[in-house]
Each structure stands twice: as structure tokens, then as C-alpha cells.
Amino acid sequence: MKTEDIEALVRPNIRQLCPYSTARDEFGGKLGVFLDANESPYPTGWNRYPDPRQKELKARIAPIKGVEPENIFLGNGSDEAIDLVFRVFCNPGVDNVVAISPSYGMYEVAADINDVAVRHVPLGEDFSLPVEDLLAACDARTKAIFLCSPNNPSGNAIPNETVFDILERFNGIVVVDEAYIDFCSVPSLLPAIWRYPNLIVLQTFSKARGMAALRLGLAFAQPYTIKLMSMVKYPYNINESTQRLALQALEKPIDKEVAEIVAQRIRLVHKFMKYTCIRRIFPSEANFILVKVDDADALYAHLIADGIIVRNRTKVPGCKDCLRITVGLPEENDKLLKSLKVYEEKSHIRR
Ligand SMILES: *Cc1c(COP(=O)(O)O)cnc(C)c1O
């Protein structure tokens with residue numbers, strides 16, 4: 001696809017949109033006497049509106065990610081970027097998107113809110129991606145395909161070659177949600193945004209970066225798409241404290257924590273193999289492990305009684321009797337293993 005083809009995908013009202021222009025935007029942001037935005041002149045530390053373009057933060061993120069600031073959209077969590085894909089490209093009640101199943105729940109929620117139909121393509125029994133089914137589910141009104149790699153809740157990653165194949169054969173937007181990419185052995189698709197104007201890569205500060213409370217999500221794409229998303233977002237979508245704290249956070253490397261979590265994930269998988277209540281352990285490239293157990297509701301209740309909260313996915317299509325377990329601190333994982341052992345002993349007595 002070419003950039004002109006992307007333009008044809010955009011909702012007509014968005015193509016014609018004249019976005020809200022903030023006072024600081026028109027002025028250019030040099031130092032001065034600010035009598036333009038009806039702010040309080042008294043310094044509280046927070047009396048000025050934040051930078052609506054997040055210039056400083058984007059300039060800091062760009063070299064880390066190997067992109068230009070024009071390739072970056074910052075959102076109030078990835079959730080804002082997901083919602084904006086619908087608001088920019090999908091005509092309510094007319095267009096549709098295609099998503100894999102099971103996957104992250106927000107794609108469908110955002111679709112429902114925007115009155116856009118979602119076509120679910122079931123993953124294989126081992127959660128592999130059936131590319132032909134995915135493309136067959138698309139029609140002339142399919143504006144976007146949502147992929148998630150590593151996928152939540154299954155934990156597996158999609159090979160990059162598979163995504164390239166989809167990007168080349170689908171004439172619409174391909175969103176690849178890389179929320180868990182830092183834990184993954186498959187490299188990020190970020191460098192491919194130059195080659196594919198229809199690719200949007202999502203990342204977040206919420207997982208490996210350890211900043212879920214900040215609410216900062218990132219979308220990477222070619223400048224044309226980033227401009228559209230920036231035009232539709234609320235002008236001050238990233239508040240001043242988030243911008244400042246994100247800049248601080250970026251000074252600190254996360255390699256140690258990520259390596260520790262991956263090591264703990266491997267340790268948990270090895271330990272899980274010894275439990276007969278765990279019937280199947282799905283290979284994970286993320287900071288969680290999906291397991292199929294003898295009775296998900298019973299084990300979930302047992303863990304809750306021990307003060308351990310995991311995610312019961314048994315009602316999710318393709319996840320019958322599956323629990324999704326986040327990798328915690330070593331001592332938290334120890335508690336989990338201990339509780340699993342007690343459950344196992346109890347169920348032996350029952351039998
Ligand atoms: C946790 C998660 C996110 C993060 O969303 P934020 O809004 O950035 O916190 C995004 N995608 C997936 C698949 C996730 O599991």
C-alpha cells in the first residue's frame with residue numbers, strides 16, 4: 001500500500017476535520033508572558049496547560065526506539081490509541097474490523113463503543129494464527145486487522161514473516177499490539193513502519209516499564225497516520241505529571257527487571273510441569289503464563305482463598321479451564337507454588 005491508499009481508508013469527516021488549535025500551538029512555545037489560555041498566573045507547579053504535542057517526551061523516546069518524533073503518537077494508555085484507530089478509520093454502522101480470538105478485550109469494547117462490527121477469527125488449538133482464515137474474514141468494508149504479539153491471554157508471538165505476509169495482502173490498517181514485546185524473543189515490528197504505510201505498532205509504559213498508573217501508551221506509524229490520530233485526540237491527552245514522570249522513568253534502564261521476570265517465568269513453567277492439576281502449559285513470550293487446569297473455577301477459588309488473584313479465562317472462547325497467571329516477584333511466585341501444592345494434595349484426597 002502507498003500513503004495515498006491510506007488516505008482512502010480515512011473517514012470522510014476526519015479527512016475534512018479542522019482540529020482544535022491550542023493557544024500554545026499557534027504561538028510556538030517560546031518563553032513569554034502567557035495571557036492566552038486563561039490559566040492562573042500563580043505558580044502551583046501545575047498552573048500551565050501541558051504540551052499538547054509532547055515534544056520533549058517524543059524527542060526522548062524517538063532515539064530509544066530508533067524512530068523519528070513524527071512516527072510517535074502518545075496516548076492515555078494504549079487504549080486511547082486503539083479507540084483512535086476506530087474513530088479515524090471506521091464509519092460507525094458501516095465498516096468492520098477483523099480480530100483474532102482469544103485476544104485482548106479492549107479491541108472489541110472500543111469497536112462496540114464506536115458501533116463497528118468485529119469479525120473474530122479463532123486461533124488454532126495451540127493459538128497459532130490461521131492467516132488464510134484471517135484474510136478470508138476481510139471484505140471491502142474491513143478497515144483494520146487487530147493482531148496482538150505476544151498475544152494476551154495465550155502468550156505466544158506471531159512470527160514477523162507472518163505479519164509481513166498479512167501487511168502485503170491486506171488493503172487496510174494492520175494494528176500489531178506489542179504490549180509485551182520487552183519479554184519476547186521475536187524482535188519488534190517497529191522498523192517495518194518505514195516499509196508498510198498500513199502498519200500501526202502499539203507499545204505501552206504499563207507492562208515492562210512498570211508505569212501502569214501513569215497511563216501512557218505509544219503508537220508508531222508513518223507520519224500521515226500519526227497526524228490523523230493526533231488531530232482526533234483530546235488536545236491535552238497526556239497530562240503534565242505523566243509527561244514529567246515518563247521522562248524521568250526513561251533515564252532508568254529496565255533490562256534487569258525484564259531479565260528477572262523472564263527467568264521467573266521459565267522457573268514457573270518448570271515447576272508447573274510437576275503438578276498434575278496443570279494439564280497444559282502454553283509457551284509464553286510475555287510476563288504471564290496461560291495454563292489449562294483440571295477445573296479452572298475450583299483452582300481459581302482456592303487461590304483466591306489464599307489471597308492470590310489470577311485471571312480466570314475459562315469463559316473465553318478457546319480457553320476452557322484456563323487460568324492466566326502473571327509472573328510476580330520470586331517470593332510471590334513461591335506463594336503461588338505453595339498454594340498450588342496444597343490444592344493438589346486436597347484434590348488427591350477428594351479422589
Ligand atoms: C496490558 C495491555 C495493554 C496496555 O494497555 P494500556 O492502556 O497501555 O495500559 C495493551 N494491550 C494489551 C494486549 C495488553 O495486555
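Atoms within each ligand, like the ligands themselves, are counted from 1 in listed order. The chain is numbered in sequence order, starting from 1.
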What's the verdict on side chain to side chain donor-acceptor pair (under 3.5 Å) for Y236 and D51, showing C-alpha distance, side-chain angles and the deciding distance? CA-CA 7 Å; Y236 305 109; D51 175 8; over 6 Å; no

Pair T276-E344, side chain to side chain donor-acceptor pair (under 3.5 Å): steps then yes or no: CA-CA 7 Å; T276 51; E344 186 117 317; 3.1 Å; yes

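Within the structure, the closest approach of F205 to ligand 1 does not fall below 4.0 Å when heavy atoms are considered.
A side-chain contact (heavy atoms from CB on, under 4.5 Å) with L268 is found for one member of L337, I281, V291 and no other, namely L337. Residue D95 forms a salt bridge (Lys or Arg N to Asp or Glu O under 4.0 Å) with just one option from R11, K143, R119, and that option is K143.
Among all non-hydrogen protein atoms, the one lying nearest atom 3 (C) of ligand 1 is K207 NZ, 3.3 Å. In terms of protein heavy atoms, atom 7 (O) of ligand 1 is closest to R215 NH2, 2.6 Å. When hydrogens are left out, the protein atom nearest atom 15 (O) of ligand 1 is Y180 OH, 2.6 Å; that is the closest non-hydrogen contact.
Which of N152, L214, D177 comes nearest to atom 12 (C) of ligand 1 through a heavy atom is settled by distance: it is D177.
Residue-ligand proximity, A179 to ligand 1, at heavy-atom distances under 4.0 Å covers atoms 2 (C), 3 (C), 10 (C), 11 (N), 12 (C), 14 (C). Against a heavy-atom cut-off of under 4.0 Å, G77 is close to the following atoms of ligand 1: 6 (P), 7 (O), 8 (O). Short contacts between ligand 1 and C148, defined as distances under 4.0 Å to a heavy atom of the residue, involve ligand atoms 13 (C). Taking every non-hydrogen atom of D79 and a distance limit under 4.0 Å, the qualifying atoms of ligand 1 come out as 5 (O), 7 (O). Short contacts between ligand 1 and S206, defined as distances under 4.0 Å to a heavy atom of the residue, involve ligand atoms 6 (P), 8 (O), 9 (O).
The environment of CG in D126 is crowded: more than 12 heavy-atom neighbours from other residues, nucleotides or ligands sit within 6.0 Å. Atom CD of E56 has 12 or fewer heavy atoms from other residues, nucleotides or ligands within 6.0 Å. Environment of NZ in K335: sparse, with no more than 12 heavy atoms of neighbouring residues, nucleotides or ligands closer than 6.0 Å.
Residues Q54 and Q243 have side chains that never bring a donor and an acceptor to within less than 3.5 angstrom of each other.
Checked against a 3.5 angstrom limit, the closest N/O atoms of Y107 and ligand 1 fall outside it.
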